[in-house]
Protein chains: 2
Amino acid sequence: MAMPAHHDRRAQIWAAALELFAARGYEATSMADIAAAVGIRGPSLYKHVASKQELLAAIIAHTMDDLLAAHHAAVAGTADHTEQLRRAVDSHVRYHARHRREAFVGNRELRSLVEPHRSPILARRAEYAGAFENLVAAGIEAGAFEVRSARLAAYSILDLGMGVAVWFREDSEPTENDVAWHHTEIALRIVQAGR
Amino acid sequence: MAMPAHHDRRAQIWAAALELFAARGYEATSMADIAAAVGIRGPSLYKHVASKQELLAAIIAHTMDDLLAAHHAAVAGTADHTEQLRRAVDSHVRYHARHRREAFVGNRELRSLVEPHRSPILARRAEYAGAFENLVAAGIEAGAFEVRSARLAAYSILDLGMGVAVWFREDSEPTENDVAWHHTEIALRIVQAGR
DNA sequence: ACCTCCGGCTAATGACCTGTAGCCAGGATT
DNA sequence: AATCCTGGCTACAGGTCATTAGCCGGAGGT
C-alpha cells in the first residue's frame, strides 16, 4: 500500500470531515473522530490543518465557489430568460444532488462559522441568491414570466435545492436526472414561463 | 412582580430552550445558557426537567402534534382536491411562518434526538409527508392535477415550508399573509391545478 | 554517514458540560 | 408552632474536547 503524500492526506481529512459534519454536525464531531476516520490520532491532524474551524470554513468556502462557478457557466450560454432560468435551476439542483454533503454542510453549519470567515461567505451566499432573484426579475420585466414576487419565487426555487440536499440519495429513486428534470419543470411553472 | 408558579417556570424554560436551540443549535446550547435566560443557575433546571434531551424531545413532539392537528383541521372542511391542497399548503406555510423557531428546531435538531424519542417522532414526520403525497396523488388520479411525480411534488411543497422557517422574519416584508398567498399559489402551479 | 524535516505519537493543559448530592430559605400545611 | 415541600443554591464528580508541547522513527537529500 502506497504511503499517501502530503496532499493526499489533506484530501482524506477534508473528505472525512465533510462526511462527519454532514452526518452528525460540526458541533457533534470531534477532531478525534475525524482523525480516526483517516486512521491517525487527533493531535496529528494539526500537522495538516490549523483548526477545526478552519476546516469548516475551507469546506464551505470551496462549496460556495463551486456553486457560483457552476451557476455562471450554466447561465452564460444563452440570453433567453426561460432558457437561462432552466439552466440555472438544472445547475442548482444537480449540484445539490451530486454534492449533497457539501451543500448540506454549507447551509446547516453556517451557524457554526464565526468571523473572520463568516462574513465573506455570507456575502457570496447573498450573491448567489441575488443572481436567481435578478434572473426572475428580468424575466418578469421582459414579460417572459408572470409571478407576483420575484424574491419569493427565487427563494422558493433555492429552497427546492436545499430540500434535495436533505433527502436525495445516490442509491435509490428518484435519480439525479429525475430530480433535475422535475425541478426545472417545477421552477418554470412557479414563474409561469412560456405559455 | 408576581413569583411565577411551577407551571409558568416550566413554560419559561421551554421558551428559552426553544429560542436558544433555534439560534445556536442543540449541541451549542448549554443547560447553563438556558438557565441564565430564565434567571437561575444550571443545576436548578433539573427541578423542572429531567434532562436536556427530554427538553428537546418535548419541544419537537409538541411541534409535530401541532402541525398534524393543523393539517387535519385544514383539510377536513372540503372534498375538492384543489381546495384541500390549497388549505393544506396555507396551513403548512402559516405554521412555518408563525412558529418558525419550533419548525426550525423540529427539522434541524432531529439529528440530535436519540432513542427512545426518535422513532415515534420520525413516524409522525413520515405521516405528515405521506398526507401531502396522498393529497397530490389523489388529485392526479382524479384528473385535477397534472404532475409527473406525486412524491417529488409533495417534497417540493414541503421544502417550501422549511424554507419559510429559515428566512421568515416577523418584523419585515414579506408578511405572513404575503407568503401564505404566494406559496399556495406556487403549490397549485406546481401540481398544475385547475386549468 | 550525516542531517533535516515530515508526520506520526503520547502526555498534558485548561476549559467546559451534564447531571448529582446535599444544603437551605421560606411558604404552605397541619 | 412544628413540619413538609418546593425550588433555589454551591460543590463536585466524571467526562469530553480543542489545542499545545515535545518526543521520535525514518525517508530523502547532501
Side-chain angles (χ1 to χ4, degrees), chain A residues 1-60 105 109 111-118, chain B residues 1-60 105 109 111-118:
Chain A
M1 171 166 64
M3 213 47 190
H6 178 89
H7 184 264
D8 287 340
R9 193 26 69 98
R10 223 186 123 84
Q12 279 185 319
I13 292 170
W14 179 293
L18 174 60
E19 187 74 33
L20 289 167
F21 288 167
R24 310 181 190 171
Y26 176 79
E27 301 279 358
T29 301
S30 76
M31 290 300 265
D33 291 337
I34 299 170
V38 300
I40 62 178
R41 303 305 175 92
S44 302
L45 284 181
Y46 291 86
K47 301 285 169 151
H48 304 277
V49 299
S51 68
K52 190 183 172 190
Q53 179 71 203
E54 194 230 41
L55 198 44
L56 177 65
I59 288 174
I60 299 186
V105 171
E109 306 301 342
R111 194 161 54 180
S112 300
L113 201 60
V114 298
E115 298 298 353
H117 296 295
R118 188 182 177 76
Chain B
M1 172 165 63
M3 212 48 189
H6 177 89
H7 184 266
D8 286 340
R9 193 27 70 94
R10 226 187 120 84
Q12 279 186 319
I13 292 170
W14 179 295
L18 175 59
E19 187 73 33
L20 289 168
F21 289 168
R24 310 180 191 171
Y26 176 80
E27 302 278 358
T29 301
S30 75
M31 290 301 263
D33 291 337
I34 298 170
V38 300
I40 62 178
R41 303 305 176 92
S44 302
L45 284 180
Y46 292 87
K47 300 284 166 142
H48 302 277
V49 299
S51 68
K52 191 184 171 189
Q53 178 71 201
E54 194 229 41
L55 198 43
L56 177 65
I59 288 174
I60 299 186
V105 170
E109 306 301 342
R111 191 159 57 178
S112 300
L113 201 59
V114 298
E115 299 298 353
H117 295 297
R118 189 182 176 76

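Bear in mind that the values here come from a model prediction, so they are computed numbers and not experimental data. Every chain is numbered from 1 and lettered A, B, ... according to where its sequence line falls, protein lines coming before strand lines.
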For residues R24(A) and D33(A), determine if any side-chain heavy atom of one lies less than 4.5 Å from a side-chain heavy atom of the other.
yes

Choose from dG7(C), dG19(C), dT19(D) the nucleotide whose nearest atom is closest to any side-chain atom of S51(A).
dT19(D)

If I take atom CG in residue L45(B) and atom C1' in nucleotide dC17(C), what distance separates them, rounded to the nearest angstrom?
13 Å

Rounded off to whole Å, could you give me the CD-to-C1' distance for the Q53(B) and dT18(C) pair?
12 Å

Between dG8(D) atom C1' and Q12(B) atom CD, what is the distance in whole Å?
14 Å

Give me the atom names and distance for the closest heavy-atom approach of M31(B) to S51(B).
CE-C, 4.2 Å

Using a distance-only test with no angle check, is there a side-chain donor-acceptor pair under 3.5 angstrom linking Y26(B) and E27(A)?
no

Side-chain N or O of H48(B) versus OP1/OP2 of dG8(D): is the shortest distance under 4.0 Å?
yes

Taking atom P of dT20(D) as reference, at what distance in whole Å does atom NZ of K52(A) sit?
15 Å

Interatomic distance where CG belongs to D8(A) and C1' belongs to dG7(C) [whole Å]
14 Å

Let me confirm one number: the CG-CD1 distance from L55(B) to I60(B), rounded to the nearest 0.5 Å.
10.5 Å

Counting side-chain heavy atoms from CB outward, which of dT19(D), dG7(C), dT10(D) is closest to P43(B)?
dT10(D)

Closest to the I40(A) side chain, choosing from dC9(C), dG7(C), dT19(D):
dC9(C)

Output the distance between atom CG (L18(A)) and atom CD1 (I13(A)), rounded to the nearest 0.5 Å.
13.5 Å

For a quick test of reading the model, state the closest non-hydrogen atom pair linking R10(A) to H48(A) and the distance between them.
NH1-O, 2.6 Å

Gap between atoms NZ and C1', on K47(A) and dT10(C) respectively (whole Å)
12 Å

R9(A) side chain N/O closer than 4.0 Å to the phosphate oxygens (OP1, OP2) of dC6(C)?
no

Given dG8(D), dG7(C), dT20(C), the nucleotide with the shortest approach to the side chain of Y46(B)
dT20(C)

Does a side-chain heavy-atom distance below 4.5 Å link I34(A) with F21(A)?
yes

Do any of residues 26-35 of chain B sit with a heavy atom less than 4.0 Å from DNA chain C, and if so which?
T29(B), S30(B), M31(B)

Could you report the tightest heavy-atom contact between G25(A) and E109(A), atom names first, then the distance?
CA-OE2, 3.2 Å

OP1 or OP2 of dG7(C) under 4.0 Å from side-chain N/O of S44(A)
no

Quickly work out the L55(B) CG to dG19(C) C1' distance and round it to whole Å.
14 Å

Contact list for DNA chain C against residues 13-23 of chain A - heavy-atom distance below 4.0 Å:
none

Nearest whole angstrom, please: distance from the C1' of dC17(D) to the CZ of R41(A).
16 Å

Kindly say whether V114(B) contributes a backbone atom to a donor-acceptor pair with the side chain of Q53(B) at under 3.5 angstrom?
yes

Working to the nearest 0.5 angstrom, can you tell me the gap between I59(B) CD1 and E54(B) CD?
10.5 Å

